[in-house]
Amino acid sequence: MTQHILVAVAWPYSNSDIHVGNLAGSYLPADIFARYQRLKGNQVLMVSGSDAHGTPITVKADADGVTPEEIYQRYQPRFLDLFQRLGLNYDLFTTTHTENHFKVSQALFLALKENQLLYTEEQQQWFSPALNRFLPDRYVEGTCYICGYDNARGDQCDNCGNVLDATQLVSPRAKIDGSVPELRKTTHFFLDLAKLQPQVIEFLESRKDYWRPNVVTRSLGWIRSQGLHGRPITRDLDWGIPVPVEGWEAKRLYVWFEAVIGYLSAAIEWGKISGQPDAWHRWWTDPAARAYYFLGKDNIDFHAILWPAELIGAADQFSLIFEGSEGKPLNLPYDVPANEFLNIQDRKLSGSRNWAVWALDFLERYDPDPLRYYLTAIMPETSDSNWDWDDFVARNNNELVATWGNLANRVLSFAHRHWDGRVPSLRGVSDEIGQDEAIPKLEELRPQDRQLLETIEAGFESVGAHLEAVKLRAALGEAIRLASEVNAYLDAQAPWSAVKTDKAAAGATIYTAIRAIDNLKILLSPFLPHTCEQLHQTLGYDAPLFGEQYTETQSDALGEHLVLRYRDAGASGRWAPSTLQPGRSLRQPAPLFKKLEPSVADEERARMG
RNA sequence: GGCGAGGUAGCUCAGUGGUAGAGCAGGGGACUCAUAAGCCCUUGGUCGUGAGUUCAAAUCUCACUCUCGCCA
């Protein structure tokens, strides 16, 4: 039965390039999972976009003396370039700065308001008369009221590490121009999380049996230790989404509240530009659909607590307000397989200190699949993990090149030499090759051949089960283990000897080995899509395994935005055992991976820091 | 200070009650189709420390200790 799967991927702030930590945390696992689901024949909708309204964007804009819009427009094309090169198949990668996202966010706000889950409260906030604007906490600096450090930020003191109450800062000054701010009263909307707490707990309880322990225990622990409290969802800013209430024109929706709505608005935008404006309901209001959220652990609270609270609170009011149609409740997350952090060479990753491996920079020197392979092998699924350049080189050489790439190469080269570039026929030694030869059932093969193929085909269950549970590292390990079963089989059969005395036996071995490789190509394709696609072509197939990505410019009342899309394009990959036609023509094989010199690790280490 | 995660072979990690595992690294061997790759065999651990529960604990409980993260 076809299932609808929403693959919701964390939204990057569009003020910085993407590094391997971001990839390992959310983007890559999401793509692997989505590719697997597509191969299974499920209806996947993988969406994300850039967060154009976050504080880091306005901070950078102020620092560079440009508008926030320019900042986000600067990074968006770089994101899309990276995703295409790395093969992250988003159905839609858009941005929060779209008319559609504005409308969806405002409708969700109004739904919560309608359901009596918003209230207003007066707060004190620093205001700069010189700049004539309110200052977000991190725009104010001053003396820390705890340790006396005179260069503390409004939200946190870098000296003593304490989180600060900005209004208590001593001798405050505006970061932008040094002007002295004053405290002014300002009123904001708050989301009444206390009222939603029982339903949020119920939501978490209902999923705790299959969620990752670190995600669910952390979330429940957080709620139980301090309870949920009202949280402001508006700010005094001019960049962002206007609050859809009369008299509130000068305020904007708070980014934490609005950015997560992107998962919903992107699905809606996807439907619109695909000519199926109602299609989003299949992923969002059909209870049979499943939504998986891929993110790093720093985002767990937003996705396991706050976003579900927004969805629970909006209930059936959202679609009522948004489309004026029959109201239907919105689906809650099915799973939130958040990853821990990736360290670099035993140190905490830091983009600002250049202690990072930048993804686009990496792809200048290496291919995408070795990166995907290594990041999956060390994916921080249960605890923080460590990127180590020596380890990268070793795994590339020992696992990718030696175990898997070499397997494909040795078998296909051998077939080329002795069977004239074809899959061996099982009719015997004769060169009488026809495309009409029946595809042999496993029981028609020799016992050793049947045994190997049964082992490999079992991978569709075992690797699939790991993928289904979002245990990607285990899934990849299992697939590679199966590749080495084929190496062992070849060694036992020694077709290079048999070919001299019993070419039919050697042919049976090579037929079996190619068929095993044809299976492994599918099992590995979610992880290694580029090289599996190449291998698929070498094996003589014409239709691609996966669809293709393309970019396109969308226009709306806010201007133009560049998006990444995906089209099926005759994708033929299926999560099912190979039915390899004897006698099929092969294409000239070429190595799938490059062996790396150990000195690469030294060179790369020298680049960092 | 509170909460959470983690401490298992030289390295990276898997393993939630029943005779300690994988990959890599190290040692040995047979082979030669292949990117000197692959295959077979092998060295190596008192599972952070101490106590408890149990016929039985890496696994459950408690205390302690170290690392990382979140929060105050």
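Residue numbers start from 1 in every chain, and the chains themselves are labelled A, B, ... in the order their sequence lines are given, proteins ahead of strands. In this text the structure is predicted, and so the values were computed from the model without any measurement.
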For Thr167(A) and Gln124(A), what are the C-alpha separation, side-chain angles and deciding distance, and is it a side chain to side chain donor-acceptor pair (under 3.5 Å)?
CA-CA 7 Å; Thr167(A) 61; Gln124(A) 299 264 22; over 6 Å; no
More than 12 heavy atoms of other residues, nucleotides or ligands under 6.0 Å from OH of Tyr254(A): is that the case?
no
Any luck finding a side-chain donor-acceptor pair between Glu399(A) and Tyr374(A) under 3.5 Å?
no
Same-atom distance (C1') from C24(B) to U61(B), integer angstrom
37 Å
Using the P atom as the reference point in each nucleotide, state the distance between C41(B) and G21(B) in Å, no decimals.
15 Å
Counting any heavy atom closer than 4.0 Å, what does Glu340(A) reach on the DNA or RNA strands: base, sugar-phosphate only, or nothing?
nothing
Under 3.5 Å, is there a donor-acceptor pair linking the side chains of Glu258(A) and His53(A)?
yes
Let me know the distance between CG of Asp298(A) and P of C68(B), rounded to the nearest Å.
18 Å
Within a radius of less than 6.0 Å around CD of Gln197(A), do more than 12 heavy atoms belonging to other residues, nucleotides or ligands occur?
yes
5'-to-3' dot-bracket of RNA chain B (Watson-Crick, G-U; under 3.5 angstrom; crossing pairs as [ ]; | other strand):
((((((((.[[[[.)..(..]]]].((((.........)))).....[[[[[..)....]]]]]))))))).
To the nearest Å, how far apart are Arg395(A) CZ and C11(B) C1'?
10 Å
Please figure out whether Arg473(A) or Ala394(A) has its closest RNA chain B nucleotide nearer the 5' end.
Arg473(A)
Distance between C1' atoms of G27(B) and G48(B) (Å, rounded):
30 Å
Between A56(B) and C64(B) - P atom distance, rounded Å:
26 Å
Rounded interatomic separation in angstrom, taking CZ from Phe341(A) and P from G6(B):
16 Å
Write down the distance between CH2 (Trp389(A)) and C1' (C11(B)), rounded to a whole number of angstrom.
19 Å
C13(B) to G69(B) separation - P atoms, rounded to the nearest Å
16 Å
Value in whole Å for how far the C1' atom of G10(B) lies from CG of Asp390(A)
14 Å
Distance between the C1' atoms of G52(B) and G17(B), in whole angstroms?
15 Å
Other residues, nucleotides and ligands only: do more than 12 of their heavy atoms fall within 6.0 Å of NZ on Lys195(A)?
yes
Using the C1' atom on both, measure G45(B) against C68(B) and round to a whole Å.
24 Å
Check the side chains of Ser578(A) and Asn519(A) for a donor-acceptor pair under 3.5 angstrom, ignoring hydrogens and angles.
no
Are there more than 12 heavy atoms of other residues, nucleotides or ligands under 6.0 Å from atom CD of Glu122(A)?
yes
Between Thr509(A) and Arg446(A), do the side chains contain an N or O donor and an N or O acceptor separated by less than 3.5 Å?
yes
With the sugar-phosphate defined as primed atoms, P, OP1 and OP2, and the base as all remaining atoms, what B/S/- string results for nucleotides 31-44 of chain B, 5' to 3', for protein heavy atoms under 4.0 Å?
SSBBB-SBS-----
If you measure from the C1' atom in U19(B) to the same atom in G23(B), how many Å do you get, rounded?
24 Å
